[in-house]
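Below you'll find the structure, written out as structure tokens, and then a few comments.
Numbers here are sequence positions counted from 1. The figures here come from the full heavy-atom set of this structure, side chains too, leaving out hydrogens, waters and symmetry mates.
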Amino acid sequence: LEELGLGTPGSVSAYFEDRSAGFSTPDYQVRDDEQLWGLALDVELNARTVLQFTYDDFESDAGEVKRELEASVSYALGDVNTLDIGLSHIEREEAGAPTDETGTRTDLAVRYTHAPNDDLEVYGFVQGTLDRDGGISANNRAGIGGRVAFSERWTFGGEVSGGSLG
């Protein structure tokens with residue numbers, strides 16, 4: 001973003017794809033025409049605060065629709081502690097799909113991270129569904145996790161969580 005003259009560190013990206021029926025790759029087959037596009041924005045507001053935004057949109061001629069919007073703020077509470085808050089919204093429609101795969105859902109998540117040095121990080125998080133419509137299940141969960149670097153080439157990370165979707 002600084003290169004665009006906005007005077008703040010960050011990045012912006014976008015993509016667009018228009019795939020015709022019959023297009024294929026080794027791991028993807030297109031049965032119906034489909035269009036995909038998305039945007040991403042990452043802005044460092046100051047030394048402690050980063051905003052992120054992403055939007056992805058998919059539609060096919062078969063009536064399939066997938067839209068995902070995410071916005072988050074990361075705030076450094078000090079040198080070793082960070083608080084992240086994120087909001088996401090999904091919309092899914094697919095003709096003939098099971099009813100539990102269609103509808104909308106809005107989730108809120110909060111994560112607290114403690115990283116006393118570059119080799120150690122521990123965190124805890126909670127996530128809750130604020131609103132949903134249709135058959136999409138609520139996605140309430142909580143967990144803890146961490147990462148430890150034993151050397152430049154050896155890192156171990158893990159997470160334990162539980163919630164309404166497993």
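Every residue meeting the side-chain contact (heavy atoms from CB on, under 4.5 Å) condition with Asn46, not counting sequence neighbours, appears here in chain and number order: Arg48, Thr49. Under the ring pair (Phe, Tyr, Trp, His ring centres under 6.0 Å) criterion, Tyr55 pairs with Trp37, not counting sequence neighbours. Applying the side-chain contact (heavy atoms from CB on, under 4.5 Å) criterion to Ser151, with sequence neighbours excluded, gives Arg153, Trp154. Contacts of Asn81 classified as side-chain hydrogen bond (donor to acceptor under 3.5 Å, both in side chains), with partners at least two apart in sequence or in another chain: Tyr112, His114. Applying the salt bridge (charged side-chain N to carboxylate O under 4.0 Å, His left out) test to Arg31 and every residue at least two apart in sequence or in another chain returns nothing. Looking at residues two or more places apart in sequence or on another chain, you find a side-chain contact (heavy atoms from CB on, under 4.5 Å) between Asp33 and Ser20, Ala21, Gln35, Asp61. Taking Asp57 as the reference, Arg67 meet the salt bridge (charged side-chain N to carboxylate O under 4.0 Å, His left out) condition, with sequence neighbours excluded. Checked against salt bridge (charged side-chain N to carboxylate O under 4.0 Å, His left out), Glu64 has the following partners two or more places apart in sequence or in another chain: Lys66.
For the atom pair Ser88 OG and Leu108 CG, the distance stands at 8.5 Å (nearest 0.5 Å). Annotation: the span from Ser74 atom OG to Leu83 atom CG amounts to 8.0 Å, rounded to 0.5 Å. For the atom pair Ser13 OG and Leu39 CG, the distance stands at 8.0 Å (nearest 0.5 Å). Put simply, OG1 on Thr113 and OH on Tyr123 are 8.0 Å apart, with the number rounded to the nearest 0.5 Å. From Leu51, atom CG reaches atom CG of Leu41 across 8.0 Å, with rounding to the nearest 0.5 Å. To the nearest 0.5 Å, atom NE2 of residue His89 and atom OG1 of residue Thr106 are 4.5 Å apart.
The shortest distance between side-chain heavy atoms of Thr102 and Ile136 does not fall below 4.5 Å. Leu69 places a side-chain heavy atom less than 4.5 Å from the side chain of Phe53.
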Which is it for Glu91 and Val65 under the side-chain contact (heavy atoms from CB on, under 4.5 Å) test, yes or no, and what are the steps along the way? CA-CA 7 Å; Glu91 174 188 349; Val65 174; 4.2 Å; yes
Would you please test Phe58 and Glu68 for side-chain contact (heavy atoms from CB on, under 4.5 Å) and show each step? CA-CA 9 Å; Phe58 170 88; Glu68 296 187 18; over 6 Å; no
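Residue pairs that meet the salt bridge (Lys or Arg N to Asp or Glu O under 4.0 Å) test with at least one member in residues 13-26, sequence neighbours left out, are Glu17-Arg19, Arg19-Glu34. Applying the salt bridge (Lys or Arg N to Asp or Glu O under 4.0 Å) test to residues at least two apart or on different chains, none of the pairs has a partner in residues 127-136. Judged as a salt bridge (Lys or Arg N to Asp or Glu O under 4.0 Å), the pairs with a partner in residues 107-116 (not counting sequence neighbours) are, in order, Arg105-Asp107, Arg111-Glu121.
With hydrogens and angles ignored, the 3.5 Å screen pairs a side-chain donor or acceptor of Thr129 with a backbone N or O of Asn139. The backbone N or O of Ala138 sits less than 3.5 Å from a side-chain atom of Ser164, completing a donor-acceptor pair.
Heavy atoms of other residues, nucleotides or ligands lying less than 6.0 angstrom from CG of Asn117 number more than 12. The number of heavy atoms from other shown groups lying within 6.0 Å of CD (Glu152) does not exceed 12. Other residues, nucleotides and ligands contribute over 12 non-hydrogen atoms within 6.0 Å of the CZ atom of Phe16.
Criterion: ILVMFWY side-chain heavy atoms under 4.5 Å apart, direct or through other members. Under it, Val160 and Phe125 are not part of a common hydrophobic cluster. One hydrophobic cluster, built from ILVMFWY side chains closer than 4.5 Å, holds both Leu45 and Val73. If you chain together hydrophobic residues whose side chains sit under 4.5 Å apart, Leu87 and Tyr75 fall into the same group.
In this structure, a donor-acceptor pair under 3.5 Å is present between the side chains of Ser161 and Arg141. For the residue pair Tyr15/Asp56, the side-chain donor-acceptor check at 3.5 Å is satisfied.
Hydrophobic cluster of Val80: no remaining members, since no ILVMFWY side chain lies below 4.5 Å from it.
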